[in-house]
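Following: one structure in structure tokens, then a few remarks.
So that the names make sense, note that chain A is the first sequence line, chain B the second, and so on, each numbered from 1. No hydrogens, no waters, no symmetry mates; every other heavy atom, side chains included, goes into these values.
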Amino acid sequence: MDFLSGLNEQQRVAVTETEGPLLILAGAGSGKTRVIVHRIAYIIAERGVAPYHILAVTFTNKAAGEMRERVGRLLADQRLQSAPLISTFHSLCVRILRRDIERLEEGHTRSFTIYDQDDSTRIVKAAIKDLGLDSERMGARQVQSAISHAKNSGTDADAYAARIEYGDEKRAAIARVYRLYEERLVNNNALDFDDLMIKAVRLLRKNKEVRDYYNDKFRYILVDEYQDTNSLQFALIRFLTERQQNICVVGDESQSIYRWRGADISNILNFEQHYPDAKEIKLEQNYRSTQNILDTADHVIKRNTERKDKKLWTSNPAGERIRYYQAFDAEGEARFVASKVEEHRRLDPSIRAAVLYRTNAQSRVFEEAMRRANIAYNIVGGFSFYERAEVRDIISYLKLAMNPHDSIAFMRVINTPPRGLGKQTLDELDRRAKDYGVSLWETLAIVTDPTQETRGFAARAASSLKNFQRVITNLVSVAQREPASEVVKAAILDSGYADALKSENTEEAEGRLENLQELVNAAVDYDREEGGGLRDFIDAAALVSDTDQYKRDAPVTLMTVHSAKGLEFPLVFMVGLEDGLFPHSRSATDPAELEEERRLCYVAITRAERFLYVTHAMKRRVYGEELASEPSQFLNEMPFDLMEDLSRGPSWLSFARSSDRLENAHAARALRGQTGGSTRTEKPYEGKTYNSADSIAEFFRQRGQQVNPRPAAGSSPPPVIKRRADAGGKSSSTVAPSAGDAGFTPGTHVRHAKYGRGLVLRREGTGDAAKLTISFPGFGQKKLIEKYAGLEKA
DNA sequence: GAACTTGCTGAATTG
DNA sequence: CAGCAAGTTC
């Protein structure tokens with residue numbers, strides 16, 4: 001078989017340069033996966049390397065699965081004894097740790113359990129409570145992310161505590177939670193997601209034997225999506241390439257969108273410094289998108305400064321123009337998308353579409369619109385199968401079957417289904433466990449020991465405890481002799497879970513039973529295909545990710561832009577292109593984060609093969625209240641001459657096209673300033689203006705609604721957009737503070753000395769304390785105290 | 001002890 | 001408008 005046919009010049013080089021460090025800069029749609037797959041096949045078939053000497057690492061199971069499949073197909077006729085290891089970072093670490101974690105001597109044994117996000121949050125929550133810190137208004141999630149952040153940057157609980165500034169109560173509190181959290185993980189013989197990476201790296205650092213083992217095993221290493229690696233993943237790769245340097249990394253810094261998770265873009269930007277003999281190959285031919293789509297993407301991403309210089313090109317036709325639509329509200333946006341999907345599918349019934357949004361919260365209206373239009377859709381993210389309560393419950397039983405000392409699992413199911421064990425009993429059990437300093441499981445044994453007295457427990461509670469103990473003991477023994485699927489069945493039946501659901505006799509319970517049947521099926525499949533035993537089945541369940549829900553053949557897929565990375569669709573809808581949403585308001589303050597948002601935008605655009613729609617709504621419900629929204633600055637960064645306006649009536653785009661450039665001198669300066677003041681030869685700013693007040697007015701007029709974008713002082717007709725209901729709180733007379741108030745109501749355009757023209761989105765508080773949230777094109781959203789802001793009407 | 005009601009606070013992106 | 005914690009009722 002010829003592994004090079006059908007590849008272009010650069011791709012060929014990327015496949016055949018098998019020795020030494022290699023950096024492949026692969027632009028969007030440039031055939032990256034193809035290259036990786038062929039390269040693996042080439043190393044095996046042409047260089048005669050045994051498959052088990054090859055390791056390919058990805059970030060998602062989905063990517064790993066696809067790679068495995070394609071490599072398998074390429075090598076189908078080779079009759080190989082082994083397979084290359086194609087794995088995610090996380091499962092690679094699990095593998096390493098299951099083998100040797102005991103050599104770390106940090107208290108974990110190789111039968112450790114993996115705690116997912118939800119489990120960790122529970123521990124954090126419990127820790128906060130047990131430390132009596134509840135009062136300090138600390139959200140468990142917040143604390144957890146602080147801990148996670150610390151862990152990932154190599155700061156352990158002691159180091160974290162050592163850096164408490166005097167008077168920093170918050171950090172002091174977090175430090176205590178952090179310590180307790182870590183202690184409990186060890187006590188439960190559990191690792192969280194962060195630990196998987198951390199401990200694996202620490203193990204390799206500490207133990208030369210382990211390091212040698214893997215250096216000998218993996219002689220060729222490939223890393224996919226290298227721009228998303230963080231410092232730990234970098235360290236892991238460094239340890240694995242200690243002896244040999246056959247490291248090939250593939251990535252695209254323009255698609256780095258995980259900075260917030262610790263991804264370090266300099267890993268890819270400085271690859272040549274890390275591996276001095278590195279060669280570099282650029283894949284610049286795009287096979288995916290039309291010229292117009294590519295031009296649009298390029299036009300946007302050009303404003304970023306942190307990037308390697310490369311220019312994607314394509315021999316594809318120019319294609320259709322980008323289609324723009326300004327919707328009245330989120331529902332209108334969704335209706336538009338659904339109707340366009342229908343239209344496209346009428347012309348081409350097999351066309352696949354994606355609706356890409358910035359936040360998961362946006363998905364709901366689209367789901368509804370699709371359902372109403374009777375379009376089959378698949379949604380990625382949100383509640384996945386393995387996140388459903390009933391599935392997690394049964395998994396907890398399975399975890400107990402492997403390790404009854406797992407307190408989180410224990411607490412989760414001791415009264416699920418209800419066994420008459422309430423707070424009293426469980427608190428008592430918990431108290432004793434802490435007293436004795438043993439796990440809940442051991443405590444249970446002590447408490448139910450017939451030679452002891454079950455003092456402090458009601459007779460009914462005591463018998464329930466014994467019952468639960470019996471259930472788990474039985475499961476443990478089933479797990480020792482039966483395959484995973486049998487343990488799953490036993491967990492569902494013996495626990496009384498199935499009976500409890502049956503007796504509920506509701507449709508919801510029916511659905512849950514079906515989900516559990518589904519879990520049994522998954523386990524049966526697992527036994528047949530992987531045969532790795534219950535342990536691996538649970539591990540796999542813990543490591544499934546949202547993006548693994550993607551179904552290639554769904555007619556329409558709804559997902560976040562993040563989840564869409566690596567995918568492609570003939571028809572793409574980018575929705576919610578609004579200031580504060582995309583780019584997200586949380587990234588407005590930091591130029592580096594704004595650049596990341598722009599890369600995210602670039603990722604979204606480049607998912608499209610043939611048709612790209614960009615939409616935004618003029619108002620949207622956030623927190624159940626209506627907020628006005630301005631078009632995204634990214635829309636402004638797209639080349640208008642490649643866009644076609646499908647809006648009904650005048651739109652932001654039509655105004656932007658016709659407006660003069662003076663109006664936006666501020667915005668132009670801001671845009672240039674924010675992108676690092678680059679001195680590109682390209683014309684700086686094309687003088688398009690945000691001027692949607694008029695178009696909003698027009699829209700409302702068309703719908704016969706009242707609108708008042710420029711309220712006359714003194715008499716304010718009801719504003720279009722509702723003010724947040726007394727968000728200020730305490731004031732006793734909270735009735736219509738905006739009336740008679742000379743202040744600016746949401747929907748008003750104002751002018752600010754520094755930021756120029758902007759739209760008031762929201763008003764909080766009254767009188768002198770009034771705080772305004774204003775969207776300034778080019779500057780994003782600002783919160784200003786009205787009294788000091790020196791605003792004028794615009 | 002369990003099911004229900006009220007009141008509050010708080011959402012970005014993910015393995 | 002959520003989802004969750006605390007409070008209330010059976």
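C:dC4 sits 16 Å from B:dT13 when the P atoms are compared, rounded to a whole Å.
A:E597 comes within 4.0 angstrom of a nucleotide base, judged by non-hydrogen atoms across all strands. At the heavy-atom level, A:K62 lies nowhere under 4.0 Å from the strands shown. Within the 4.0 angstrom heavy-atom criterion, no nucleotide atom of any strand lies near A:F89. Counting any heavy atom pair closer than 4.0 Å across all strands shown, A:R259 reaches no nucleic acid atom. Heavy atoms of A:Q424 sit under 4.0 angstrom from primed sugar atoms or phosphate atoms, though from no base atom. Note on A:S563: only backbone sugar-phosphate atoms sit closer than 4.0 angstrom, heavy atoms only; bases stay farther off.
Nucleotide C:dG3 holds its P atom 13 Å from the NZ atom of A:K125, rounded to whole Å. If you take NZ of A:K129 and C1' of C:dC4, they are 13 Å apart, rounded to a whole angstrom. Remark: P of B:dT13 and CD of A:Q362 are 9 Å apart, rounded to the nearest angstrom. As rounded to whole Å, 18 Å separates atom C1' of B:dT14 from atom OH of A:Y386. Regarding A:R358, its CZ atom lies at a distance of 12 Å from the C1' atom of B:dT14, rounded to whole Å. Remark: C1' of B:dA11 and CG of A:N360 are 10 Å apart, rounded to the nearest angstrom. The distance between atom NZ of A:K565 and atom C1' of B:dT13, rounded to the nearest whole Å, is 12 Å. As a whole-Å value, the separation of A:R122 CZ from C:dC4 P is 10 Å.
Remark: ring of A:Y258 not stacked against base of B:dT13; the cut-offs of centroid gap under 5.5 Å and plane tilt under 30° are not jointly satisfied. Under the stacking criterion of a centre-to-centre distance below 5.5 angstrom and an interplanar angle below 30°, A:H584 sits stacked against the six-membered ring of B:dA12.
A side-chain donor from one of A:Q362 and A:T359 sits under 3.5 Å from a side-chain acceptor of the other. A donor-acceptor contact closer than 3.5 angstrom is absent between the side chains of A:S464 and A:N467. No donor-acceptor contact under 3.5 angstrom links the side chains of A:Y386 and A:D116, judged on distance only.
Residue A:T359 has its side chain nearest to B:dT13 when only B:dT13, B:dG15, B:dA11 are considered. Minimum atom distance to the side chain of A:R586 is reached by B:dA11, of the listed B:dG15, B:dA11, B:dG1. Out of B:dA11, B:dT14, B:dG1, the shortest distance to the side chain of A:R460 is found at B:dG1. Nearest to the side chain of A:R364, among B:dT13, C:dA2, B:dG15, sits C:dA2. Distances were taken from every side-chain heavy atom of A:P418 (C-beta onward) to each of B:dA2, B:dT13, C:dC1; the shortest belongs to B:dA2.
At B:dG15, one or more side-chain N or O atoms of A:S545 fall inside 4.0 Å of OP1 or OP2 (strictly under the cut-off). Contact annotation: A:T560 reaches the phosphate of B:dT14 (side-chain N/O to OP1 or OP2, under 4.0 Å). At B:dG1, none of the side-chain N or O atoms of A:N415 fall inside 4.0 Å of OP1 or OP2 (strictly under the cut-off). An OP1 or OP2 oxygen of B:dA12 is reached within less than 4.0 angstrom by no side-chain nitrogen or oxygen of A:S587.
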Derivation and outcome, side chain to side chain donor-acceptor pair (under 3.5 Å), residues A:D548 and A:S545
CA-CA 5 Å; A:D548 297 329; A:S545 70; 3.1 Å; yes
Determine, stepwise, if the pair A:K399 / A:I408 fulfils side chain to side chain contact (heavy atoms under 4.5 Å, CB included).
CA-CA 10 Å; A:K399 284 181 171 174; A:I408 277 276; over 6 Å; no
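Using a 4.0 Å cut-off between charged nitrogen and carboxylate oxygen, A:E597 and A:R358 count as a salt-bridge pair. Ionic pairing of A:R598 and A:E595 is not present here: no N-O contact between side-chain nitrogen and carboxylate oxygen is shorter than 4.0 angstrom.
For the pair A:E593 and A:D548, both in contact range of DNA chain B, the more 5′-proximal nearest nucleotide belongs to A:E593.
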